[in-house]
Number of protein chains: 2
Amino acid sequence: MRPLNTKSKEDILALAIPLFARSGYSGVSMRSIAQKVGVTVAALYHHFPDKQTLYLAAMTQVFVDKDERLGEILSSSIEPKKRLAQFMTSFCEVVDKDNDFCMLIQREMMDGDESRLRLLATEVYHDLFQGVTNLCQELDPKQDPYLLAISIIGMVMYHFQTAPMRPYLAHSKEQHSDPQVIARHVTNFALQGLKTG
Amino acid sequence: MRPLNTKSKEDILALAIPLFARSGYSGVSMRSIAQKVGVTVAALYHHFPDKQTLYLAAMTQVFVDKDERLGEILSSSIEPKKRLAQFMTSFCEVVDKDNDFCMLIQREMMDGDESRLRLLATEVYHDLFQGVTNLCQELDPKQDPYLLAISIIGMVMYHFQTAPMRPYLAHSKEQHSDPQVIARHVTNFALQGLKTG
DNA sequence: GTCTATAGCCGGATAGAC
DNA sequence: GTCTATCCGGCTATAGAC
């Protein structure tokens, strides 16, 4: 058993992740992390050589953890339409519950250098895109599955990204933030579009 | 005429905007702005009482400028299907050309407090959402126009948000970043969905 | 593995000369 | 309207005791 008043790397990262999610790399100081963890700054530097390394370790932990769950969602081999509906429901749930994850991939997309963008691509998007493009190819082989995958994933994520702003928008209602309502809507829209044919 | 070696508020903001877009509020120092403008920090404080005020002035300028263009795109009264296609083309063009704008609304959505989110809602999203919801109601009155508007706008923006990461993703091609290709794809997808009916 | 103490730099902000 | 010079607090990071 680990002593109660010492902290492992994982303890530190678990507390640092929500800070980075809410304020970004430059908005979080080693002091603020140390305070949250309940140690001094010097203790953090015992575990990590510098702030960047701590940050990268935090991103890696978040992304690798999530990768597994996102892969599972799409790996079943049931009928395509049902698989799409199930994916939408599960994906909406994951994104709704883990707001930190959502914000971090957004921040990495904007702030990441080459190596961080590569981590994001391989650890977060690879399996997700693979699954969605496969699904799209089964459902509608005539459209470009790559463009479809981006559209579908983006369509879903935007509902959660815009959530903080939407209360100040006209005609916004509580139900528009309900992951189940969103999942039903995007499934329907993806399958049928605007039904103007 | 203004002397050549003095700077107006607008000059300062025009140079500060790309800095804030690329690095965020806490990633940009008054020193870095001063250097880019070619004055000392003290000169900046002659024009703005503090960093926050300068930042807010920058956001307001970006957003109010853009509001007009986005409103125009949707105000025509041609046939709905054609209006959607035209909107997609124009919207993709605007988002593609003004990357700073794109990143700033993204950052504001994540970092903004209540008053900044309200600015974002009224100055950027209000006209855009109004136009798109109207259009959706004409095209398919049976679906919730609010949810449709979020899906459609998000679907488009995600293509540009993910652009920096996509080079590291499997099967990515140059053409997937072409605004005209994206516009054609999203128009088609929005109108017909996955055509599985 | 954590602490205290501190180095050294960079941040926002101001005073007062020109 | 811009400058030089400066204040002071917060920042990353390190040294050395326990």
Side-chain angles (χ1 to χ4, degrees), chain A residues 1-61 104 107-108 110-113 115-116, chain B residues 1-61 104 107-108 110-113 115-116:
Chain A
M1 295 291 260
R2 198 157 32 77
L4 278 175
N5 53 346
T6 73
K7 309 284 175 179
S8 71
K9 286 194 180 193
E10 284 69 31
D11 294 333
I12 295 168
L13 294 181
L15 291 164
I17 285 164
L19 289 179
F20 284 126
R22 273 175 246 292
S23 308
Y25 180 78
S26 55
V28 175
S29 65
M30 293 297 273
R31 278 167 154 83
S32 65
I33 298 171
Q35 191 184 21
K36 187 115 165 199
V37 176
V39 294
T40 61
V41 175
L44 296 183
Y45 280 98
H46 172 76
H47 294 282
F48 304 93
D50 52 34
K51 186 186 170 184
Q52 269 209 28
T53 307
L54 192 160
Y55 178 77
L56 271 180
M59 292 310 102
T60 307
Q61 180 168 301
L104 286 174
R107 290 193 189 281
E108 284 298 282
M110 290 191 291
D111 302 339
D113 56 14
S115 71
R116 277 160 58 189
Chain B
M1 295 292 260
R2 199 157 32 77
L4 278 175
N5 53 349
T6 73
K7 308 285 175 179
S8 71
K9 287 192 180 192
E10 285 70 30
D11 295 331
I12 295 167
L13 294 182
L15 291 164
I17 285 165
L19 289 178
F20 284 127
R22 273 174 248 291
S23 309
Y25 180 79
S26 54
V28 176
S29 66
M30 292 298 274
R31 282 169 156 80
S32 65
I33 298 171
Q35 191 183 21
K36 185 115 167 199
V37 177
V39 295
T40 60
V41 175
L44 296 182
Y45 280 98
H46 173 77
H47 294 282
F48 304 94
D50 53 32
K51 185 186 172 185
Q52 269 209 27
T53 308
L54 192 160
Y55 178 76
L56 271 180
M59 293 309 103
T60 307
Q61 180 169 302
L104 286 173
R107 290 192 188 281
E108 284 298 281
M110 289 189 292
D111 303 337
D113 57 14
S115 71
R116 276 159 61 187

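So you know, we letter chains A, B, ... as the sequences are listed, proteins then strands, and number each from 1.
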Between the protein and nucleotides 2-4 of chain D, which nitrogen or oxygen pairs are less than 3.5 angstrom apart?
{"residue": "D:dT2", "atom": "OP1", "partner": "B:K7", "partner atom": "N", "Å": "2.3"}
{"residue": "D:dT2", "atom": "OP2", "partner": "B:H47", "partner atom": "NE2", "Å": "2.8"}
{"residue": "D:dC3", "atom": "OP2", "partner": "B:T40", "partner atom": "N", "Å": "2.6"}
{"residue": "D:dC3", "atom": "OP2", "partner": "B:T40", "partner atom": "OG1", "Å": "2.9"}

B:H47 side-chain N/O to B:I12 backbone N/O, donor-acceptor pair under 3.5 Å: no
Is there a side-chain contact between A:Y45 and the phosphate of D:dA13, meaning an N or O under 4.0 Å from OP1 or OP2? yes
Can you tell me how the ring of A:F20 sits relative to the ring of A:Y25, calling it parallel under 30°, perpendicular over 60° and tilted otherwise? parallel
For B:S26 and A:S26, which heavy atoms make the closest approach, and how far apart are they? OG-OG, 3.2 Å
Under 3.5 Å donor-acceptor, B:K51 side chain and B:V28 backbone: yes
If you apply the rule side chain to side chain contact (heavy atoms under 4.5 Å, CB included), what do you find for B:L56 with B:F48, and how did you get there? CA-CA 10 Å; B:L56 271 180; B:F48 304 94; over 6 Å; no
Taking the side chain as everything from C-beta on, heavy atoms only, tell me whether A:M30 gets closer than 4.5 Å to A:Y45. yes
Distance (rounded to the nearest 0.5 Å) between A:D111 CG and B:R22 CZ: 12.0 Å
Among residues 50-58 of chain B, which contact DNA chain C at a heavy-atom distance under 4.0 Å? B:D50, B:K51
Take atom CZ of A:F48 and atom C1' of D:dT14, then tell me their distance rounded to the nearest Å. 18 Å
Looking only at non-hydrogen atoms, find the nearest pair between B:Q61 and B:I17 and report the distance. NE2-CD1, 4.0 Å
Per the under-4.0 Å heavy-atom filter, residues of residues 28-37 of chain A near DNA chain D come out as A:V28, A:S29, A:M30, A:R31
So, the side chain of B:R107 versus the backbone of B:A21: is there a donor-acceptor pair under 3.5 Å, distance only? yes
Student check: side-chain heavy atoms of A:L44 and A:V39 closer than 4.5 Å: yes
